[in-house]
Number of protein chains: 2
Amino acid sequence: MATRTQDAEPLLTPAEVAAMFRVDPKTVTRWAKAGKLTSIRTLGGHRRYRESEVRTLLNGQGPAMERVEVGEL
Amino acid sequence: MATRTQDAEPLLTPAEVAAMFRVDPKTVTRWAKAGKLTSIRTLGGHRRYRESEVRTLLNGQGPAMERVEVGEL
DNA sequence: GACTAATGGGGTAATTCGGGTG
DNA sequence: AGTGTCCGAATTACCCCATTAG
């Protein structure tokens with residue numbers, strides 16, 4: 001492999017994840033506690049979530065999934 | 001902190017969609033099970049619906065097909 | 001150090017799920 | 001085939017306040 005120097009991994013705050021799932025930030029916290037979401041804790045104890053994982057979960061289970069069947073609007 | 005993530009579409013809760021259609025939330029669930037509505041499940045199993053799709057269906061005429069934003073892969 | 005906004009933790013209602021029935 | 005209601009169980013939403021983030 002290569003460079004294990006710096007991985008700029010986009011992290012999301014609970015409010016961001018909650019907005020994407022249309023749920024309460026507290027609910028996202030419960031998911032993290034339940035182990036359904038990978039939570040990265042700050043030094044103060046707050047949680048941060050990986051944007052890549054959140055997007056994957058939002059799409060259901062397929063990262064390489066996209067469709068371009070645009071109809072009329 | 002300020003919003004660096006705008007990859008989320010507006011979602012609606014079953015109660016919201018049910019109120020818009022004047023039906024029971026259970027009926028909305030049946031529509032989702034029948035494939036007439038795109039349902040996005042939360043990590044807890046609850047369903048969320050796309051606000052854009054619901055609006056399109058409310059308008060009546062068009063099919064259940066709407067444009068999907070293809071992210072940057 | 002002080003400030004505003006958000007988060008964590010706990011606890012309690014409200015909603016939703018799933019199946020079965022009218 | 002489609003919808004409304006019943007039930008039990010699970011999940012989620014909103015209340016409090018102390019701490020953390022920036």
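For the numbers below, each heavy atom of this structure counts, side chains included, while hydrogens, waters and symmetry mates do not. These numbers were taken from a predicted model, which means no experiment stands behind them. Quick note on labels: first sequence line is chain A, next is B, and so on, each numbered from 1.
- For the pair T27(B) and dT3(D), the criterion of a side-chain N or O lying under 4.0 Å from OP1 or OP2 is not met.
- With values rounded to the nearest 0.5 angstrom, T56(A) atom OG1 is found 11.5 Å from R50(A) atom CZ.
- Within a 6.0 Å radius of CZ in R41(A), other residues, nucleotides and ligands contribute more than 12 heavy atoms.
- The nearest whole Å value for the distance from the CG atom in D24(A) to the P atom in dT16(C) is 14 Å.
- Positionally, the nearest nucleotide of DNA chain D for K36(A) lies more toward the 5' end than for the other of K36(A) and G44(A).
- In this structure, H46(B) atom NE2 and dC17(C) atom P are separated by 6 Å, rounded to whole Å.
- Atom pair Y49(A):OH and dA6(C):C1' shows a separation of 12 Å (rounding to whole Å applied).
- Atom NZ in K33(A) sits roughly 13 Å away from atom P in dT11(D) (whole-Å rounding).
- Residue contacts shown for R30(A) include a base, since a base heavy atom lies under 4.0 Å away.
- Computed from coordinates, the L37(A) CG to dG8(C) P distance equals 12 Å when rounded to whole Å.
- Among dG9(C), dA21(D), dT16(C), the nucleotide with an atom closest to any side-chain atom of P25(B) is dT16(C).
- Listed pair T29(B) / dT16(C) fails the phosphate criterion, with no side-chain N or O lying under 4.0 Å from OP1 or OP2.
- T42(B) has a side-chain polar atom (N or O) that falls below the 4.0 Å cut-off from OP1 or OP2 of dT12(D).
- Whole-Å rounding puts the W31(A) CH2 to dG8(C) P distance at 14 Å.
- A donor-acceptor contact under 3.5 angstrom links the side-chain atoms of K26(B) to the base of dG18(C).
- Using a 4.5 Å heavy-atom threshold, the side chains of W31(A) and V23(A) count as touching.
- Rounded to an integer number of Å, the gap from R48(B) CZ to dA13(D) P is 6 Å.
- Between R47(A) and dG8(C) there is a side-chain N or O to OP1 or OP2 distance below 4.0 Å.
- If you find the closest nucleotide of DNA chain D to V23(A) and to L43(A), the one lying nearer the 5' end belongs to V23(A).
- Rounded to a whole Å, the CD1 atom of I40(A) is 14 Å from the P atom of dA21(D).
- Remark: the backbone N or O of T38(B) is paired with a side-chain donor or acceptor of E53(B) at under 3.5 angstrom.
- Of all heavy-atom pairs spanning L57(B) and K36(B), the tightest one is CD2-O, 4.0 Å.
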